[in-house]
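One structure is given below, encoded as structure tokens.
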Amino acid sequence: MPLYESRTNAENRIKVSPEAKQALVFGTDAVIEEIVRQIQSKKMPCRVAVDGWYGVDYGMLISRLSEALGLQQKNTICTTSRLFLPKDQIAAYKQPFITDDPGFGYVNSEGRIEDVMDQGAIAALHDQLLTESGIAIIAGPGAYANGLEDAYDLVFYAEKTRQPLLWQMWDGQLAPLGSDVPDADYQWKEYYYCDYYLLHHQKEKCIEAMHGYIEANDMQSLKLVPHAAYDEILSTLLRYPIKEIKIYQPGPWGAYRYKDLFDVPGLACNAWNELAGPELGMLIDVGREDMLCIPFVSLMRYADEFVGAYLNRTYPGLFPLDVWLDDGYFDKPTPAERISMPIHNHPSTDYVKRHFNEPLGRYETYYIAEAYEGANTWMGYQDDADMEEWERKCRASENIREIPDWKDYISNWESNVGDLYLIPPGTAHGHGGNQMVLEMDTCPSIAGTEYSFFTYDFARNSWDDGTKTMTGKPCKMHLEHSFDNDKFRRGNWVKDHLLAKPKVEKWTKQYQKDIYSTLSEMPFEIERFHFTERAENDTQGRFMNILTLTVGKSVRVVSRANPEYQTQIELFQSCVIPASFGKYEIINEDGGFSTVVQIRWKKG
């Protein structure tokens, strides 16, 4: 699946102490030199661990450090690949989490990296390290595994943001646990359902013990952050509204409004772009010659302040919300079979717990941010539709053969700006095109795994990003999950329950705040602010807010307690307001009319 990033206006400019600011080291040569300096400042022996996430070139790190130190390769200057079980044993361990389900796996939430490591090899390395008389360097995931901690004098953690790592995986260039060379057969389900959790828990452990953090998105431009500076930067970020690096994805229903709004080189159509969510990266500008780029979820280190104590207690480690923008603009009438999303539904919390070992279901909303001629949404089934017949046709089709009369089964709703569609689990639906949809959802997974059960995708070809044409193989469906999960909601029920209405919650001469009607099973509120000059809001120290500007050019979000803590977002950009932020203003920088739409958890 192709992905494109946009760093436009994504900088988080924060003020840290002069000590933290000056402690950062930029550039690979300078980073290697600083690590060497720290090694040489220690009494011999000096034993060094460089643990980290996937996608980092640990062999290059070892080579550069060895060269700078004048060392020869030996048993205690190596990557961690030799510490892992044989490939067939690792595969056997992973199989229960990969499962036979073609579309999804089962989360290895309790897994630890030691599960796939050779305890004999760990013990042998431990003894070697303790008898080392000079310098030892062990680099790679698991370098600081259980059984090795007391053998090190220096510990570093190296990491890439999640999106560039996916590009490596899809290109067959990712070296998995136990290997120093890429494995073209490495499966995405291994990463999302097993390895992510092994790496996640190992990161939590390493971050506490590390002497320095290595930002390794570009091996030719490494950055080093000492532990104290890392902690200060993250804790300082939580005093500010936070922006993320947006991603864009082309697809078979991809449209073209993005050409008027965003400059994304190489993007040929835009099915959606993610504005806020756990899998994105964030840029941090502390006033030095370059910026840091680290995973957004690194902020979960301070989860009470970030998402709020209630969410952290209820879903530990989970950033539970996503915001997407679904493009739907076409300059001429285009068939529904080209511009519509697949007909699909999402699972409840109970369903994902039982089937995938995830903590939270997928609860979704569509807010119509722009509407063009023919704007529409598919949701629910026609009141007189034969559901058994629909299921038979979908199973016979398998998205390979067309269902000519599919519109006779699916209810369709005309859309306009400001409409909000509630999409609780089990509701058949799909963006119908000719509209810009702000999609605000729950995120069920620490890894950012998305749960959509496809039922019918019009037997169309998918997007081939190599040729920039709709010539790829048709998308695979998830019929067993889709029909098992489907509530078979009819159009009349949709009309009465899922077409949400805004109510004026607060009106002043400066702004209006609306809150949309909801259902008890929906765990979040959707609110919006209309204003010309300014609006006011408050996290109450409990509710993490995500704001998106849907009308206007730009607004500034400013803390009322300390105006230094602020950020600026542009049209169709989001920012995350930490739960601890408190009272703030949204100030219009354009001079015209603005609308900001917000998602926040109901309980706090």
Side-chain angles (χ1 to χ4, degrees), residues 6-13 240-246 248 255-264 270 272-276 323-329 365-372 375 415-420 434-440 502-516 525-539 545-560 563 565-577 581 583-600:
S6 173
R7 299 189 172 195
T8 301
N9 198 43
E11 305 90 348
N12 293 283
R13 294 187 173 89
Y240 292 77
I242 301 156
K243 297 182 289 192
E244 299 178 73
I245 299 171
K246 294 191 289 188
Y248 298 78
Y256 305 100
R257 178 70 168 124
Y258 77 96
K259 292 184 176 182
D260 303 318
L261 301 169
F262 316 116
D263 180 17
V264 187
N270 183 30
W272 54 46
N273 67 283
E274 188 171 8
L275 309 182
V323 177
W324 302 76
L325 192 65
D326 305 335
D327 203 334
Y329 171 74
T365 55
Y366 285 174
Y367 176 86
I368 308 305
E370 290 186 349
Y372 324 118
S415 299
N416 207 338
V417 173
D419 288 349
L420 182 73
N434 298 317
Q435 59 190 5
M436 187 74 89
V437 177
L438 184 66
E439 184 181 324
M440 295 170 285
K503 178 184 74 174
V504 178
E505 184 179 40
K506 184 175 183 179
W507 186 93
T508 75
K509 293 182 179 181
Q510 294 180 311
Y511 68 94
Q512 173 181 320
K513 180 181 179 181
D514 296 336
I515 185 168
Y516 278 86
E525 302 281 14
I526 302 298
E527 300 167 323
R528 68 179 176 184
F529 300 84
H530 297 306
F531 56 98
T532 301
E533 296 182 359
R534 61 184 291 279
E536 295 179 358
N537 202 15
D538 187 358
T539 69
N545 301 165
I546 304 181
L547 308 181
T548 307
L549 180 62
T550 63
V551 177
K553 185 177 181 181
S554 68
V555 297
R556 188 163 296 276
V557 182
V558 183
S559 166
R560 296 190 67 187
Y565 302 140
Q566 60 174 273
T567 198
Q568 181 254 3
I569 57 173
E570 299 174 343
L571 179 64
F572 297 132
Q573 185 176 20
S574 296
C575 65
V576 178
I577 315 296
F581 196 67
K583 295 180 179 180
Y584 61 93
E585 296 179 319
I586 311 168
I587 301 171
N588 195 338
E589 296 193 315
D590 183 27
F593 179 80
S594 287
T595 298
V596 168
V597 179
Q598 172 180 283
I599 180 172
R600 69 164 177 86

- prompt: Does Y516 have any ring pair (Phe, Tyr, Trp, His ring centres under 6.0 Å) partners at least two apart in sequence or in another chain, and if so, which?
  reply: none
query: How long is the gap from CG on D327 to CG on N273, to the nearest 0.5 Å?
result: 8.0 Å
- prompt: So how far is it from Q435 CD to I368 CD1, rounded to the nearest 0.5 Å?
  reply: 4.0 Å
field: E527 and R600 ion-paired at < 4.0 Å
entry: yes
query: Around atom CD of E533, are there more than 12 heavy atoms of other residues, nucleotides or ligands at under 6.0 Å?
result: no
- prompt: With no hydrogens and no angle check, is any side-chain donor or acceptor of S594 less than 3.5 Å from a backbone partner on G552?
  reply: no
query: Should V504 and Q512 count as side-chain neighbours, where that means a heavy-atom distance under 4.5 Å?
result: yes
task: Hey, can you tell me if H530 and F593 have their rings parallel, tilted or perpendicular (30° and 60° cut-offs)?
output: parallel
- prompt: How many angstroms lie between CG in L438 and OG1 in T548, if you round to the nearest 0.5 Å?
  reply: 4.5 Å
- prompt: Under the side chain to side chain contact (heavy atoms under 4.5 Å, CB included) criterion, do I586 and F531 qualify, and how do the steps go?
  reply: CA-CA 9 Å; I586 311 168; F531 56 98; 3.6 Å; yes
Ion pair K513/E536, N-O distance below 4.0 Å: no
message: Between Y329 and Y372, is the ring centroid distance below 6.0 Å?
response: yes
message: Testing L275, V576, N9, V557 one by one against K243 for a side chain to side chain contact (heavy atoms under 4.5 Å, CB included), which residue passes?
response: N9
Pairing residues for N416 by the side chain to side chain contact (heavy atoms under 4.5 Å, CB included) criterion, not counting sequence neighbours: A371, D419
- prompt: Hey, is K503 close enough to E505 for a salt bridge, meaning N to O under 4.0 Å?
  reply: no
task: Compute the ring centroids of Y565 and Y584, then answer whether they are less than 6.0 Å apart.
output: no
